[in-house]
Amino acid sequence: MVHSTPTPAELRRDTIKHLRWQAKAVANLLSAVHLLPAADQQTTIETTTRFADELAHDLAALLRGVA
């Protein structure tokens with residue numbers, strides 16, 4: 001079995017695809033939070049905040065060329 005090393009362009013594309021997934025997760029959670037019982041809203045907002053922080057970190061890394 002031959003294993004090929006991904007090119008920098010392929011790695012960047014894969015990173016962008018992952019960032020799209022993260023952004024969609026944040027947007028979907030924010031879209032649904034008002035439908036939840038009050039007790040679950042805070043937990044969902046906290047989870048969304050962690051996802052958003054991770055997204056911001058990963059976007060900054062992509063901008064710096066780290067990712």
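Quick caveat, the model's predicted, so the values are computed rather than measured. What's counted below: heavy atoms across the whole structure, side chains too, no hydrogens, waters or symmetry copies.
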Is H57 close to E54 at the side-chain level, that is, under 4.5 Å between some pair of heavy atoms? no
Do the non-hydrogen side-chain atoms of T15 and R12 ever get within less than 4.5 Å of each other?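 With C-beta onward as the side chain, the pair stays apart.
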As an exercise, state the distance from [atom1] of [X] to [atom2] of [Y], rounded to the nearest 0.5 Å.
X	Y	atom1	atom2	answer
L55	L62	CG	CG	10.5 Å
L63	D58	CG	CG	12.5 Å
L19	D14	CG	CG	11.0 Å

Which atom pair, heavy atoms only, marks the closest approach of A52 to V26? N-CG2, 3.7 Å
Listed by chain and number, what are the side chain to side chain contact (heavy atoms under 4.5 Å, CB included) partners of T44, not counting sequence neighbours? L29, V33, L36, T48
Could you tell me which residues satisfy side chain to side chain contact (heavy atoms under 4.5 Å, CB included) with Q42, sequence neighbours excluded, listed by chain and number? E46
Who are the side-chain hydrogen bond (donor to acceptor under 3.5 Å, both in side chains) partners of R20, not counting sequence neighbours?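 Testing R20 for side-chain hydrogen bond (donor to acceptor under 3.5 Å, both in side chains), a comparison that skips the adjacent residues, returns none.
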